[in-house]
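This structure is a prediction, so every number in the text was calculated from the model and none was measured.
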Amino acid sequence: MKLKKIENKSQGRLKNITYILIIAIIIILFFTGYSIGKGINQIIVKGSTQIAEPIIEIESNPKIDITTNDKEGIYTFYVRNFDEKNKISESKIQYSLKIQDDIDQSLKNTIKYEMYKNGKLIDLKNQETEYMELTNTSKQNDKYELKIKYVHDSNLTLSEIVGRVQIKIHSQQLIV
């Protein structure tokens, strides 16, 4: 019986010591100023920029004279990288020219095309040029001439040839 009393007393003391230790640890943590938590950092960056303004202008002479005597017509046009205010394009531009016509396949052999850039003959593959470039460092004004030659006699009139031919320009801005 004495043993049970001693055990109960020692268990009571152990409980009291445990309570005192827990309270002491809580008080120590409260006064030390340390906290346990997760920090969140947020960085906000603000900026503004302008988009580069590409300029590609085409100036042309829309009149082509093909007659029964003179079976060759020249269509002259210019591709440039500046506008009427002499503002130069802010970015490099890559472009190609394509000759499109809706002439019947059976009559395709009646006309031939030749394209010249600044007086030099350009190779045409499937009636389209390779890509060419307009710079953004200085003014560039390229002169193009499309020669349309009426080769054979056919039931296609000359005015029908000129009315069915178009030049299309495909351009894209180059990222440097």
Side-chain angles (χ1 to χ4, degrees), residues 37-176:
K38 183 178 181 182
I40 299 174
N41 291 333
Q42 184 177 12
I43 299 173
I44 299 173
V45 178
K46 291 184 180 181
S48 65
T49 185
Q50 292 181 341
I51 297 173
E53 182 182 350
I55 297 172
I56 182 170
E57 287 199 355
I58 294 104
E59 178 186 321
S60 66
N61 174 14
K63 187 174 180 179
I64 300 176
D65 292 324
I66 299 177
T67 63
T68 52
N69 295 333
D70 186 16
K71 295 186 177 195
E72 179 177 293
I74 298 176
Y75 176 68
T76 304
F77 62 100
Y78 299 87
V79 177
R80 60 184 178 213
N81 66 343
F82 59 94
D83 59 12
E84 65 276 350
K85 297 176 186 173
N86 287 326
K87 182 178 179 183
I88 298 174
S89 177
E90 294 176 355
S91 62
K92 288 184 179 181
I93 298 173
Q94 188 178 48
Y95 68 98
S96 68
L97 303 171
K98 182 172 184 154
I99 303 166
Q100 280 191 312
D101 60 40
D102 60 350
I103 299 171
D104 293 336
Q105 281 298 104
S106 61
L107 300 173
K108 286 277 188 181
N109 63 348
T110 61
I111 60 171
K112 292 201 187 267
Y113 302 110
E114 287 181 359
M115 177 86 70
Y116 293 86
K117 177 182 179 182
N118 299 324
K120 295 180 182 176
L121 182 65
I122 300 175
D123 288 330
L124 294 173
K125 293 179 184 160
N126 295 327
Q127 296 182 208
E128 189 170 1
T129 66
E130 296 288 325
Y131 276 101
M132 295 168 279
E133 192 173 295
L134 288 173
T135 65
N136 61 343
T137 55
S138 62
K139 287 184 185 180
Q140 185 176 339
N141 191 17
D142 295 326
K143 178 182 178 182
Y144 290 92
E145 294 175 328
L146 173 64
K147 287 187 180 180
I148 302 173
K149 295 181 181 183
Y150 188 62
V151 180
H152 299 289
D153 293 328
S154 71
N155 59 355
L156 190 65
T157 64
L158 299 172
S159 62
E160 287 180 312
I161 292 173
V162 174
R164 294 182 179 189
V165 176
Q166 296 179 2
I167 297 176
K168 294 194 175 188
I169 295 181
H170 172 72
S171 66
Q172 59 189 17
Q173 193 173 343
L174 289 176
I175 300 172
V176 180

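Shown here are the side-chain contact (heavy atoms from CB on, under 4.5 Å) partners of L124, two or more places apart in sequence or in another chain: I99, Y113, M115, T129. Residues satisfying the side-chain contact (heavy atoms from CB on, under 4.5 Å) criterion with N118, sequence neighbours excluded, are D142, K143. For K117, there are no side chain to side chain donor-acceptor pair (under 3.5 Å) partners, not counting sequence neighbours. E133 is linked by a side chain to side chain donor-acceptor pair (under 3.5 Å) to nothing, counting only residues two or more places apart in sequence or in another chain. With sequence neighbours excluded, the residues that form a side-chain contact (heavy atoms from CB on, under 4.5 Å) with E114 are Y116, L121, K147, K149. With sequence neighbours excluded, the residues satisfying side chain to side chain donor-acceptor pair (under 3.5 Å) with N86 are K139. Residues passing the salt bridge (Lys or Arg N to Asp or Glu O under 4.0 Å) test with K125, sequence neighbours excluded: E130. Every residue two or more places apart in sequence or in another chain was checked for a salt bridge (Lys or Arg N to Asp or Glu O under 4.0 Å) with E128, and none qualifies. Shown here are the ring-ring contact (aromatic ring centres under 6.0 Å, His included) partners of Y144, two or more places apart in sequence or in another chain: F77. For K168, the side-chain contact (heavy atoms from CB on, under 4.5 Å) partners two or more places apart in sequence, or in a different chain, are Q100, Q166.
Considering every non-hydrogen atom in both N81 and S138, the closest pair reads ND2-O, 2.9 Å.
No cation-pi contact links R80 to Y78, judged by a cut-off of 6.0 Å to the six-membered ring centre and 45° from its axis.
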